[in-house]
Undergrad: 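Got a structure for you, questions after.
Positions are given from 1 along the sequence. Owing to the predicted nature of the structure, the values given are computational and were not obtained by experimental measurement.
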Amino acid sequence: MENGLLGYITTRVFEGPTYMGGILIIDKKGIPAEFKYVEPIRPSKLQTLLYGNTIDRYIRIESVGIPLVDAVEHKPVVLFVREEPFLEESRWNFPILSISRYKGGEVLSTLGEFKELENREYIISIDSSLPIRVRIDRKYRERFQELIPILIEIGQNFDIMEPFSRLEEAIRFIWREQRKS
């Protein structure tokens with residue numbers, strides 16, 4: 001991951017419901033290189049009726065995710081997500097990985113050791129804490145093993161989950177500031 005940048009993207013739903021999302025691009029040490037967010041999006045009653053139960057996915061992907069990823073100047077070598085709908089969006093030339101800490105009891109004793117749980121879902125040891133659970137978009141499934149050195153390098157430099165906390169706090173901060181004005 002020589003000079004590769006990492007992307008983290010998330011969407012939050014506030015009262016209303018109102019959607020906000022952001023993308024954080026960081027270097028391999030966890031230092032921010034770029035941050036973008038979308039202004040609050042509140043679906044109309046008509047949109048809610050017409051989209052039905054697809055409204056959440058539509059807003060997260062089409063109104064938040066795609067515009068944010070397309071807008072960043074610094075394209076990541078990998079995009080980390082928490083929301084599963086993003087895994088269906090493989091229009092970009094980099095892998096999308098859904099990550100979380102794995103608390104299922106599996107013990108992986110060696111750094112880089114991984115186990116496939118089911119189709120496109122793995123657990124992998126990248127640091128001294130709990131393994132991470134990784135789901136990968138279909139387009140990059142066959143190249144998962146090529147991503148292991150990147151994941152290990154991240155795990156040696158910082159907590160792979162921590163940038164999500166920064167990103168979510170930044171979105172909450174923007175939400176609160178906009179509500180004040």
Undergrad: Is it true that a side-chain atom of Arg133 and a backbone atom of Tyr102 form a donor plus acceptor pair closer than 3.5 Å?
TA: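 Not a single qualifying donor-acceptor pair exists.
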
Undergrad: When you measure from the side chain of Asp127 to the backbone N and O of Gln156, does any donor-acceptor pair fall under 3.5 Å?
TA: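 Judged by distance alone, no pair lies under 3.5 Å.
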
Undergrad: Report yes or no: does Tyr140 contribute a side-chain atom to a donor-acceptor pair with the main-chain N or O of Phe94 at less than 3.5 Å?
TA: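 At least one qualifying donor-acceptor pair exists.
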
Undergrad: Walk me through whether Phe144 and Phe114 qualify under ring pair (Phe, Tyr, Trp, His ring centres under 6.0 Å).
TA: CA-CA 10 Å; Phe144 174 73; Phe114 70 94; 5.6 Å; yes

Undergrad: Is there a donor-acceptor pair closer than 3.5 Å between any side-chain N or O of Tyr58 and the backbone N or O of Ser63?
TA: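 Side chain of Tyr58 to backbone of Ser63, a donor-acceptor pair under 3.5 Å: no, none is there.
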
Undergrad: Using a 3.5 Å distance criterion without hydrogens, assess whether the side chain of Asp137 forms a donor-acceptor pair with backbone atoms of Ile96.
TA: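 Here the side-chain-to-backbone pair exists.
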
Undergrad: For a quick check under 3.5 Å, do Tyr51 and Asp56 share a side-chain donor-acceptor pair by atom type?
TA: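 Per modelled atom types, Tyr51 and Asp56 side chains form no pair under 3.5 Å.
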
Undergrad: Report yes or no: does Glu113 contribute a side-chain atom to a donor-acceptor pair with the main-chain N or O of Thr110 at less than 3.5 Å?
TA: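 It does hold such a pair.
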
Undergrad: Between Gln47 (side chain) and Ser44 (backbone), is there a donor-acceptor pair under 3.5 Å?
TA: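 Here the side-chain-to-backbone pair exists.
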
Undergrad: Would you sort out whether Glu116 and Arg141 count as a salt bridge (charged side-chain N to carboxylate O under 4.0 Å, His left out), showing the intermediate values?
TA: CA-CA 11 Å; Glu116 186 168 6; Arg141 182 182 188 275; 2.7 Å; yes

Undergrad: Hey, is the main chain of Thr11 close enough, under 3.5 Å, to the side chain of Glu83 for a donor-acceptor pair?
TA: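 Yes; at least one donor-acceptor contact below 3.5 Å.
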
Undergrad: Give, for atom CD1 of Ile26 and atom CZ of Phe80, the distance between the pair rounded to the nearest 0.5 Å.
TA: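 So the gap between those two atoms works out to 8.0 Å.
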
Undergrad: Are there more than 12 heavy atoms of other residues, nucleotides or ligands under 6.0 Å from atom CG of Asn53?
TA: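 Counting other residues, nucleotides and ligands, CG of Asn53 stays at 12 neighbours or fewer.
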
Undergrad: Cut-off 3.5 Å, side chains only: do Ser129 and Arg101 have a donor facing an acceptor?
TA: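 Side-chain D/A pair, Ser129 to Arg101: present.
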
Undergrad: Measuring from Arg12:CZ to Arg60:CZ, what's the distance to the nearest 0.5 Å?
TA: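 So the gap between those two atoms works out to 7.0 Å.
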
